[in-house]
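Here the structure is laid out as structure tokens; the discussion comes afterwards.
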Amino acid sequence: MTGGTELIETVAAPMADAVPERVRRGRGWGPRIWIPLVVVAFYVLAAIFGPMIVTFDPVATDTANRLLPPLSHRDDGSLVLFGTDQVGQDLLAQTMQGARVSMLVGVATLLLAGFIGVVVGVVSGYFGRWADAVLMRVADIQLTFPGILLAILIAAVIGQSVLNVVLILAISGWVTFARVTRGQVLATKNREYVDATRTLGASNWHIIRTCILPACTAPILVIATLDIGSVILAEAALSFLGLGTPASTPSWGVTIANGRNLLSSAWWVSTIPGICLAILVVSFGILGDALRDRFDPKMKGI
Amino acid sequence: MRLAERPTGTAAPGTRTGPLLRVQDLSVSFATGSGRLRAVDGVSFDVGAGETVAVLGESGSGKSVTAQTVMGLLPRPAGRIDGGSVSFDGVDLLDRPDSYTRALCGTDIAMIFQDPLSSLNPVFRVGTQIGETLRRRRGVSRRKAREHAIEMMHRVGIPAPEKRVDDYPHQFSGGMRQRVMIAMALSMNPRLVIADEPTTALDVTVQAQIMSLLADLQREEGMALVLITHDLGVVADVADRAILMYAGRVVETGPIREVYDHGAHPYSVGLMGSLPTGDQDRLTPITGAPPDLRQLPTGCSFHPRCAFATDRCRTEEPVLRPAPDRPQAHLTACHHAEEVLADGIR
Amino acid sequence: MASAEPLLSVRDLHTTFPIRSALLRRRVGGIQAVAGVSFDLQAGQTLGLVGESGSGKSTVARTIIGLEQAASGQVLFQGQDFAAAGRAQTRRLRRDVQMIFQDPYSSLNPRRTVAELVSEGWQVQPGFGPRGTWRASVQELLERVGLNPDHLDRYPHQFSGGQRQRIGIARALAMSPKLIICDEAVSALDVSIQAQVINLLQDLQRDLGLTYLFIAHDLSVVRHISDRIAVMYLGRIVEEGTRDEVFDRPTHPYTQALLSAIPVSHPWRMPSRERIVLAGDVPSPADPPSGCRFRTRCPKARDRCAVEVPALEVRLGEHASACHFAAVEPAVAPTA
Amino acid sequence: MVAYIVRRLLFAAFVMWGAVTIVFIVLRMVPGDPALVMLGPDASPDEIAALRESLGLTEPIPQQYLHYLASSVRLDFGDSIRLGGDAMGHVLERMPMTIQLSVAALMFAVVFGIGFGIVAALRVNTWADRVITVTSLVTHSLPSFWVGLVLILMLARGLQLLPSGGAGSFAHLLLPAFALALPFTAMVMRLTRSGLLEVINEGYIATARSKGLSERVVIFPHAIRNALIPIVTVVGLYFGAILGGTVVIETVFAWPGVGRLIVDSIGFRDYGVVQSGILVIAAIFVMINLIVDILYGYLDPRVRLAR
């Protein structure tokens, strides 16, 4: 141990003795957690209810009101908060529709990637041996392939649809979950309490259920929060390249790409959805960071 | 600048009167997630030149924090010195800037840590690490520093030091690593060596090697040695004096045989009773558990676990006083020392 | 002495840990953690298994209880071979042999309450344990080990190290075991707490007729609690006998050195004490010395020790020793 | 050490085989007749048959795979339908531009990431630390293609300071390299900061202080050598991500590299070029990881000798 061993003991042991873990975790449910939570909640509400209020029709055109800057009025007097694009589409409606698509893709991808990753991680970490060797080599190869390249390759081949985007991103995203889960399983597997449970005659399934999985939830939650931002960014990048969601269900990336050729004449078409995207991703980033500090300060490298 | 203030410690030992290290009324607290805790609470003791002193106590007694404070290694800003003084060679270190203490460290005061593996930098050769103090502090060449490292490794009994000087810490066994630590600590002939649990991480047979090495080196070098440990046994052979700590306070101090054989504090008596010696059928442990340092009991912190406790113990904090009818150097912080001693005789 | 059938009998046990290559996890070698260990343990007795790190004492325990796979040899519990037992029998054996672990902080699942921890064995062993009244039964157990029975819905972190160790003991007792393996069960505790737990273990043994395999590196503690002692070095037992035989008349040079190295709290009370300071460190179990494994550090080593493995047999006095020269040079008698 | 390098090389070859196989499998996933898809509805049956023949689609799948592997070893990925000539040739021709861009971005990320990371760690919990940490969090979360667009809008179109696209001069390199480097700078910075903060709590740092070494020596080299070890590994991984990122950034800035070539080729169903480009990038990444692994062994003696 270090020179500070006893210090750690004196500080940590009485604290551990006197203060319940849940209370300690609960304390300081601070601004780093609730501010991004409020932002995310706002996005979720906007994504659910926004398109009901301000309808978006991908094929409608309104050439009379094309390229209106933000906060200007249509000729019928209605306010366009975010401006309009080159065919007169309302950008606010487009952005809210984009939020719906981007967040849907993000959550669906995470669920799929998380499920694959956790299963692979537990199998590989808990049962080890050849399963571990094979699965981790597959993960290595997968890591060797820059994720976006794999996504581009697959997208180019199988074509554009929301489902395809989810599949593609999950294929490149499961590795993180698998590695984190495996690491946590390996760390937990050798804890004495797992041995203790085993000596009671517990089955592998009982041990995985009561000892292994509960120890994995916190890091998986943290990874999911940190990852959802990257998934949304990756989806936007794919869509920007024209390989993501189709024009009928435009995500933010599609809108940003639309505005690219209008940069000199209508800056807002690209910029505003970009800002919306950035705020959401930053919120997830702050939230993930805060959760990581709370649950497991040792996971800093991830 | 007065000579005495020079931090390099060029003053020959013995030119000053008074103890080499004097800790007076030292209090240190730590910020934790749920309030401050007092890790060290009004601790006073002296260490004379060439003396071997054992600081004893269980985890949470504040013994290591005291050592860290002396070395200026207290983690900031969590750790805070609330009062008292630490004088080395008559100069109060807490009055001086941190750089003053830092300059004394390595040359005049050196430290040996508990776990030699984590205390050695894994990416540097041991020779580099042993010779580093000499090289950086005295500006000698790399070659000279390496030669010095070989010499020090030889002195602490590492076989074939010429070959091993270029090895990395992980290539050494636990005992050999601790020898490397000792070589590093002694490389500048310090006048005071503080060893914090130097044998706790080692096996019994290796423990014996290291303790006898430390005792031999202490005799040859004439340095003062402070041994911090929870193991009453390992220091019994080598220490002159014992300082027994409980919940951040010194509860008993005196010549080691006095404290061990004629404990005048219920805690020291209880510790002795907890040790299996081979001839008792049943141990007589202290009841209860050490207190939460953030909510120390009033009066004497030991009173909830003490068989002698009275109302006075619950209200009035005992101060160190001479143990009744014992040699003068034997001090105890117990209101009922008389009864404790009488009980021990019976 | 060994009149009745022993409760636990270990026969020539070997446990080997594979060394695997980094890349393909291919097996490239093995560490013989336990290399031919045999002993008997009578019901109601305590066998102290002592040794330094790397001696394999914990591996012996983990192999007996099934946490490690034995490479060869037998573990017989009441004459039944553990390895040969079927599923149902293994379950039953699991109940009879319980373990108390070293680290009171990591041996309790932090996410389960005391009630869940103590009753976990009843959940995983179908048809075993109290029905309906299980909370009351947990409370009884908590009281039995000196804990407040009202604390059954608390989490482990709400207890001190000594209290956690008591929870671990309650968990073992819940299975009504015959044999409890204490693997360094008191090593992590402070002296005053350690003494409390030792007293508890002794009380339980007396009241419930338990048998202990007590594994520790602290010889004073082992001496205090054991009836018989086995000393291990690098995967082998080098000396085995009654407590007093081993402590008062050790015949193996390693035992002699080990006993002389015990830190003594009052050295001035025994002026005749002679310390044998061993040179060097324990060799790596991946590459043990040939012949007698202790010879590299042994003051008595001769040529013969490098070629011939000394058997554990009675050579002098009434207990077994694995030294060629145990009988030739009677021991100095360190009295700790 | 030699044995170790050989083993790593073998592993690299294994990974390349995996990558080649993945490409093969993905290309088999093309819905319908690939030749028809590639040539479009206007193609004559003869043209389609010829392409099928040259793509080897007439053979059974295992044989196709073997042929594919064999031609992969010869770096032969067929001709480019769009540009004509050897597909791999087009890729290799564009490669220097992509390497230039990604190395510039990597250097930026490493220099500024490690620099700011050290500053933040040494001034932990001060305003400087907070500014750096918050900035890194935000830059990490910005989509790089969008950053590129905003940079073009402000610096190229607005202030007319730098060219908005194309290549040819150092000025052309600045914007794309910066946009590409931004998220990675943030990641390197966070990793440096947390790594250094962790190392500072290690026992050997207390030892270094107890030896009376100045705080500067305690940090350089005692702390930093240890903190660098994980950073080196991760930077290797980031280089792969940067290479992947060039695909998007080259499109935004009209940078004539492999990334843009790949994206353009996708539109034309020019699969020969797409797979050549992807395999070349994967090969570079494998090589970088090999170098990182060897460097890792150099930095950490425990790893070096254990292998």
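Just so it is clear: chains get the letters A, B, ... in the order the sequence lines come, proteins before strands, and each one is counted from 1. Values below: every heavy atom of this structure, side chains too, minus hydrogens, waters and symmetry copies.
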So which part of Ile256(B) gets closer than 4.5 Å to some heavy atom of chain C, the side chain, the backbone, both or neither? both
Which answer fits Ile198(C), side chain, backbone, both or neither, if we ask what part of it has an atom under 4.5 Å from a heavy atom of chain B? side chain
With a cut-off of under 6.0 Å to the ring centre and 45° to the axis, is Arg293(C) in cation-pi contact with Tyr233(C)? no
Sidechain-backbone polar pair: Arg297(C) side chain, Leu278(C) backbone, donor-acceptor under 3.5 Å: no
Is it the side chain or the backbone of Val277(C) that comes within 4.5 Å of chain B heavy atoms, both, or neither? side chain
Between Phe302(B) and Tyr267(B), how do the two ring planes meet: parallel, tilted or perpendicular, split at 30° and 60°? perpendicular
Of the listed residues (Val206(B), Ile286(B), Leu232(B), Thr287(B)), which shares the most heavy-atom pairs with chain C below a 4.5 Å separation? Ile286(B)
So, the side chain of Gln207(B) versus the backbone of Gly175(B): is there a donor-acceptor pair under 3.5 Å, distance only? no
Looking only at heavy atoms and a cut-off of under 4.5 Å, which of Ala261(C), Ser192(C), Gly162(C) has the most pairs with chain B? Ser192(C)
Just give me the residue among Ala279(C), Ser265(C), Gly51(C) that pairs up with chain B most often, heavy atom to heavy atom, under 4.5 Å. Ser265(C)
Of the listed Gln163(C), Arg243(C), Arg269(C), the one with the largest count of heavy-atom pairs under 4.5 Å with chain B is Arg269(C)
Please state whether the side chain, the backbone, both or neither of Asp261(B) comes within less than 4.5 Å of a heavy atom of chain C. both
Around His154(B), counting heavy atoms of other residues, nucleotides and ligands shown, do more than 12 lie under 6.0 Å from its NE2? no
With a 4.5 angstrom heavy-atom cut-off, could you sort out which part of Gln196(C) is near chain B: side chain, backbone, both or neither? both
Please flag which part of Asp231(B) lies under 4.5 Å from any non-hydrogen atom of chain C: side chain, backbone, both or neither. side chain
Donor-acceptor contact present, side-chain Glu239(C) to main-chain His252(C), <3.5 Å: yes
Atom pair CZ (Arg144(C)) and CG (Leu204(C)), whose distance is rounded to the nearest 0.5 Å: 5.0 Å
Would a line drawn from the ring center of Tyr246(B) to the ring center of His265(B) be shorter than 6.0 Å? no
Can you tell which part of Gln209(B) gets under 4.5 Å to a heavy atom of chain C, answering side chain, backbone, both or neither? both
The interface call for Met176(B) against chain C, heavy-atom contacts under 4.5 Å, is both
